[in-house]
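These numbers were taken from a predicted model, which means no experiment stands behind them. Each chain gets a letter, A, B and so on, in the order the sequences are listed, and its residues count up from 1.
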There are 2 protein chains.
Amino acid sequence: MAGRPRKFNLEAAYNAATDLFWVQGYETTSLDQLLLMMQLSKSSFYQTFSSKKNLFEQCLSRYDEQSVVDMKKALAGAPSAIDFIRTTFSQLSAEAQRPSGRRGCLIMNTVVEFAQRDIKVARIFKRNIKSTKKIFTEAVTSAQTSGEISETLDPAIVADFLVTTIIGLKSQARAGSSSKKIADIADLVVASIINTTES
Amino acid sequence: MAGRPRKFNLEAAYNAATDLFWVQGYETTSLDQLLLMMQLSKSSFYQTFSSKKNLFEQCLSRYDEQSVVDMKKALAGAPSAIDFIRTTFSQLSAEAQRPSGRRGCLIMNTVVEFAQRDIKVARIFKRNIKSTKKIFTEAVTSAQTSGEISETLDPAIVADFLVTTIIGLKSQARAGSSSKKIADIADLVVASIINTTES
DNA sequence: TGCTTTAAGGACTAATCAGTTCTATATTCA
DNA sequence: TGAATATAGAACTGATTAGTCCTTAAAGCA
């Protein structure tokens, strides 16, 4: 057993592919572009990833997992729950200053591109939304306990509201809205959940 | 001069094309699908619309103009500015019950698909955002005068905030979120701008 | 040395794509 | 009637697509 070991960096190849899909979408990204960016021959590509579609699904899953890990880490490391929320939103405007922050959300981009017609994509989207919502629900509940968010609000709905605004803000970033504009909106979002009572 | 008059309905053809692009996006929609839905021969298609890209740009422009006309009409016909805002958001959840309400926003879908790489698309997007924002700014200012929204808030930022949440909610609708969920979030959005003070 | 696997590259397939060209027919007005 | 335009349909082009196949070389381990 045991043959020649893989020469290229699998992680780097996935990242290169993800970056391309993230900027261009699935359909618009050609195999040639992938091979170029991933620095792979066609042979190595198909031996490792089977197909363009399969690679894409793996990139999506990895993106999902990574983003959830990042958020959990951010919540766990934050001084308070409301601080986590505040930081999450202010990061959106900071990131919008770099091209990499103007790619939107890979999963939302994909949902827009594929809409209803791909079950695997829909599954990954639902999993990601569920995980994200859970983290924000925890944060909101915690902020309610410490009195920063009104207890009259349903934490699940506030979480959905926050996720919705993040989707909107990331879309705006992809569309080219200024970092300043995104910062202003983000501030209003955070202020609104702090001051709002009764659902 | 004067030859045989056009037999097919131009308006209906545009609408059929727009519906297809709206659901599927530009790249994924093939010429064959367009000819089928528009009920046109290839000859008539190219004679009338020149190219797939040109038709798409016209569909986008028409969508932009129509949506702005609709919003202006809604604002003008509403009992009050805050009522216009409330109705706009409750319509989002009502529409999400029908498949036609789960297509998202054609312009935002297009921006996600094309991102930075198409100037004409970017222009239409900016025009639409500007018009939409202007209408909401008017509504917010009016609601501030009548005391329903705090005068400490910047109407331009509140307008941007509302546009952002609409984008987020329409994306969620396209992604398949339930009408109930959208209604809950929409209610929170409206409540948040009514109760929030200081920007 | 053999077995196994990776890698690189070139040739190729089969499908699909938007768009063009051509012929024949239909319908309007002057 | 005749000029002008619309319609229909078929044939075709040229480019691009993802994916397969095959050959040759390299690199690991037993």
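- Relative ring orientation between B:Phe56 and B:Phe21 is described as perpendicular, the plane-to-plane angle rising above 60° on a 0-90° scale split at 30° and 60°.
- Between the CG atom of B:Leu35 and the P atom of C:dT20 there is a distance of 14 Å, rounded to whole Å.
- If you find the closest nucleotide of DNA chain C to B:Pro5 and to B:Ser30, the one lying nearer the 5' end belongs to B:Ser30.
- The distance from atom CE of B:Met38 to atom P of D:dT7 is 12 Å, rounded to the nearest whole Å.
- The aromatic rings of B:Phe136 and B:Phe84 sit tilted, their planes meeting at an angle between 30° and 60°.
- The listed nucleotides are D:dT7, C:dT6, D:dT17; the one nearest the side chain of A:Asp32 is D:dT17.
- Using bins of under 30°, 30° to 60° and over 60° for the plane-to-plane angle, the ring pair A:Tyr63/A:Trp22 lands in the perpendicular bin.
- Here C:dA18 presents its C1' atom at 9 Å from CZ of B:Phe45, a figure rounded to the nearest Å.
- Heavy atoms of B:Thr48 sit nowhere under 4.0 angstrom from any nucleic acid atom.
- Distance check, rounded to the nearest 0.5 Å: CD of A:Gln172 to OG of A:Ser179 gives 12.5 Å.
- Each of B:Ser51 and A:Phe8 was matched to the nucleotide of DNA chain C holding its nearest heavy atom; the match closer to the 5' end belongs to A:Phe8.
- Taking the screw axis at each terminus of the helix from C:dT1-D:dA30 to C:dA30-D:dT1 from five consecutive base pairs, the angle between the two is 10° to within rounding of 10 degrees.
- A:Tyr14 contributes atom OH, which lies 14.5 Å from atom CG of A:Asp19 (distance to the nearest 0.5 angstrom).
- As rounded to whole Å, 10 Å separates atom P of C:dG19 from atom NZ of B:Lys53.
- Between the side chain of A:Arg4 and the base of D:dA26, at least one donor-acceptor pair of N or O atoms lies under 3.5 Å.
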What's touching nucleotides 9-14 of chain C from the protein side, N or O pairs under 3.5 Å?
residue: C:dG9; atom: N7; partner: A:Ser43; partner atom: OG; Å: 3.0
residue: C:dG9; atom: O6; partner: A:Ser43; partner atom: OG; Å: 2.6

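- As judged by a 4.0 angstrom heavy-atom cut-off over every strand, B:Ser50 is placed among residues making no nucleic acid contact.
- In this structure, CD1 in B:Ile135 is found 6.0 Å from NZ in B:Lys72, a value given to the nearest 0.5 Å.
- For the pair B:Tyr46 OH and D:dA10 P, the computed distance is 17 Å after rounding to whole Å.
- Residue A:Ser44 places at least one side-chain N or O closer than 4.0 Å to OP1 or OP2 of C:dA8.
- A straight line from CD of B:Gln47 to C1' of C:dA26 spans 13 Å, rounded to a whole angstrom.
- Cation-pi geometry between A:Lys52 and A:Tyr26 is met: under 6.0 angstrom from the ring centre, within 45 degrees of the axis.
- The phosphate of D:dA18 (OP1 or OP2) has a side-chain N or O of A:Lys52 nearer than 4.0 angstrom.
- D:dA26 atom P lies 21 Å from atom CZ of A:Arg6, rounded to whole Å.
- A residue-by-residue look at B:Gln39 and A:Glu27 shows that B:Gln39 has its nearest nucleotide of DNA chain D further toward the 5' end.
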Query - Verdict with supporting geometry, A:Arg62 and A:Glu11, salt bridge (charged side-chain N to carboxylate O under 4.0 Å, His left out) - result: CA-CA 10 Å; A:Arg62 289 168 51 93; A:Glu11 199 76 10; 3.1 Å; yes
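- Rounded to the nearest 0.5 angstrom, A:Ile185 CD1 and B:Leu162 CG are separated by 10.0 Å.
- Atoms NZ and CD1, from A:Lys170 and A:Ile107 in turn, are 9.0 Å apart once rounded to the nearest 0.5 Å.
- Note on B:Thr28: nothing from the nucleic acid sits closer than 4.0 angstrom, heavy atoms only.
- Residue A:Leu40 contributes atom CG, which lies 11 Å from atom C1' of C:dA8 at whole-angstrom precision.
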